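Structure record follows, encoded as structure tokens.
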Amino acid sequence: DGFAIASNASVTSASGLITSYSAVAVAGQKVTLTVGAAASAGASTVSVTGITNSGIAATHTMYVAQITANPANANSRSATVGVTSNALSKLLALAPGETKAAATTTGKAAGLTPTSQTAGSAFNITVYGVDAYFNTTSATDTVSLATSAPAGTFTLAGSAALSSGSKTFSITFNVATGSGWTITASDTTNITITSNTTSAITVNPTALTRLLVMLPGETYAPGTTLGKTGAASAQTTGVAFTVTVFGVDTNWNPVSVTDTVAIISSDASAALPPNANLVGGTGTFSVTLRTAGVPTITASDVTTPAITAYTTAGVTLNPPTALLPMQLPVSGLPRYGKVTVTVNGLTGGGNISPGNLTLGGSPWNSAANSGLFVTGLATSGAIGTIPLDGSGAATFTIRVPSAATIGNSVVQITDSRGVVSMGNLVVSMPTISLTPTTVPRNSTVTVQGRGWVPGQTVTITASGNTSVTTSATPGDDGSFAAG
């Protein structure tokens, strides 16, 4: 019954059974009995002293039996000893599902594990102030708690004093984990008292209630206020990037679901992915934003519309790091010649101001490049603002100015977001062509000119046996035809 014969037990001659003992003892300390046998012919007598209890604070009964040569003369007596706890030595923290068991290796009943808890729901643990044998003492020391769960993802009861050696504390874990969180109890009254840590407590998520969208640069942080930490990194206009969508519970814990998710954006020109199913509660989606500003991205649950959708903060967009090519279909264009320019991939909904359209480094509307226009957007030689459509594209016609350098010139466009598009334009000398090139005498030849100054008279002279002179006035595009 929790007792063992001490190493100093001895066998002596005595009379009577259990002739003396201590009725009260302390856990872990020795209890001394004096044991004898009734005198009888041929009796063999024993006396046992120094019996030590194993540490269970309780009332124990010890039995001593007389050993005789004649079993008929056998006799036995019993003695009851009350054992109290020893001094406070350490703390013992018990999670739900565990049971206290004194005089064991761990202080807990064998074969029991903590009961799984639910994220966001409070539960209690009990802390005991115990002696070396895990008997509850009458200590009133103050106890504080700590946990292995990440900071900001739990609610712990504050420090409190033990009452008659025990105290119940409330705790709430917000982060689900299959491997479990632990709780450590420490004595703040006497730091020499050994602290104790619970077994790992499994925490399960609740049901799916909402979605969470993670942008590049953000870190998933279930159990926190926002479900994520960090700042979203800026993205590049027209360049695809990946967002991650989680199906989560009320505390942002991932829930293993396969719901279908749709992605939309406040950028009407964005390239968006098709609807797709989550796998194990998670999915990745490719998004390309094209519109100036700080567009948002929204994920919604198509399978269960009642699930709360999630909209990100505005995504900062930077201009592309690489130059976008400009389509210039005409090469060898003379001054005053018209050319149709097509640009793509600039900032959707933006614009190109006159000063940001340059030829050879000079703005197209500067004095060096005067006398030009943009079809449909300007009159009297002035360039108006060129709007970009939702995808960042524009097609417009411009005229090569009279001051354009003959040869290769760079046409550059910078939109309102700083996105640059460039292309090469070959500017040629004014030209004329003859149709036909071979004719009989007295036949008419049509002379066509390109790249001449609009409105100014061009004199045409045919030399040979007979000199013929005529004139023509180039039109607004610097071209003429005379015959």
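No experiment lies behind these values; they were computed from the predicted model shown. Residue numbers run from 1 in the order of the sequence given.
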Answer yes or no: is there a side-chain heavy-atom contact under 4.5 Å between T244 and T282?
yes
Could you tell me how the ring of F246 sits relative to the ring of Y220: parallel (under 30°), tilted (30 to 60°) or perpendicular (over 60°)?
parallel
Quick one: does F285's side chain get under 4.5 Å of V261's, heavy atoms only?
yes
Sole candidate of V203, T147, L145 that passes side-chain contact (heavy atoms from CB on, under 4.5 Å) when paired with F154
T147
Heavy-atom neighbours of K228 NZ exceed 12 at 6.0 Å
yes
With a 3.5 Å distance limit and no angle check, can you tell me whether R210 reaches the backbone of T250 through a side-chain donor-acceptor pair?
yes
How close do P295 and D267 get, heavy atom to heavy atom, and via which atoms?
CB-CB, 3.7 Å
Between N190 and T192, does any side-chain donor sit less than 3.5 Å from a side-chain acceptor?
yes
Donor-acceptor pair, T312 side chain versus I297 backbone, under 3.5 Å?
yes
Cation-pi check, K100 onto F134 ring (under 6.0 Å, within 45° of axis)
no
Is there a side-chain contact between Y128 and L94 in this structure, where contact means two heavy atoms from C-beta onward sitting under 4.5 Å apart?
yes
Pair S195, K90 - check side-chain hydrogen bond (donor to acceptor under 3.5 Å, both in side chains), show working.
CA-CA 6 Å; S195 60; K90 53 192 173 184; over 6 Å; no
State whether the side chain of T219 and the backbone N or O of G230 hold a donor-acceptor pair below 3.5 Å, judged by distance alone.
no
Are the side chain of T236 and the backbone of N318 linked by a donor-acceptor contact shorter than 3.5 Å?
no
Heavy-atom side-chain proximity of I263 to V287 below 4.5 angstrom
yes
Within the side chain of D131, is there an N or O that forms a donor-acceptor pair under 3.5 Å with the backbone of S89?
no
Can any side-chain N or O of T137 pair as donor or acceptor with the backbone N or O of G129 at less than 3.5 Å?
yes
List the steps and the verdict of side-chain hydrogen bond (donor to acceptor under 3.5 Å, both in side chains) for D249 and T209.
CA-CA 5 Å; D249 65 8; T209 59; 5.9 Å; no
With a 4.5 Å cut-off on side-chain heavy atoms, are L278 and V245 touching?
yes
Under 3.5 Å donor-acceptor, N174 side chain and T224 backbone
no
For K108 and A101 the tightest heavy-atom approach is C-CB, 3.7 Å
Evaluation steps, side chain to side chain contact (heavy atoms under 4.5 Å, CB included), between V315 and L215
CA-CA 9 Å; V315 180; L215 298 172; 4.0 Å; yes
What's the verdict on side chain to side chain contact (heavy atoms under 4.5 Å, CB included) for N124 and F169, showing C-alpha distance, side-chain angles and the deciding distance?
CA-CA 5 Å; N124 294 329; F169 295 86; over 6 Å; no
Heavy-atom side-chain contact between I183 and T198 under 4.5 Å
yes
Got a donor-acceptor contact below 3.5 angstrom from the T188 side chain to the T142 backbone?
yes
Please examine the side chains of S265 and L289, heavy atoms only from C-beta on, and report whether any two atoms are closer than 4.5 Å.
yes
Give the intermediate values and the outcome of side-chain hydrogen bond (donor to acceptor under 3.5 Å, both in side chains) for residues S159 and S144.
CA-CA 4 Å; S159 299; S144 66; 4.5 Å; no
Is a donor on one side and an acceptor on the other found under 3.5 Å between the side chain of T437 and the backbone of L434?
no
Only one of V130, T136, T140, D141 clears side-chain contact (heavy atoms from CB on, under 4.5 Å) with L88; which?
D141
Give the ring-plane orientation class for W252 versus Y310, where under 30° counts as parallel, over 60° as perpendicular and anything between as tilted.
perpendicular
Judged by modelled atom types alone, do T316 and Q235 share a side-chain donor-acceptor pair under 3.5 Å?
no
Using the side-chain hydrogen bond (donor to acceptor under 3.5 Å, both in side chains) rule, take T172 and T155 through it: C-alpha gap first, then chi angles, then the decisive distance, then the call.
CA-CA 5 Å; T172 302; T155 302; 5.0 Å; no
Does any N or O in the side chain of D301 come within less than 3.5 Å of the main-chain N or O of P305, such that one atom is a donor and the other an acceptor?
no
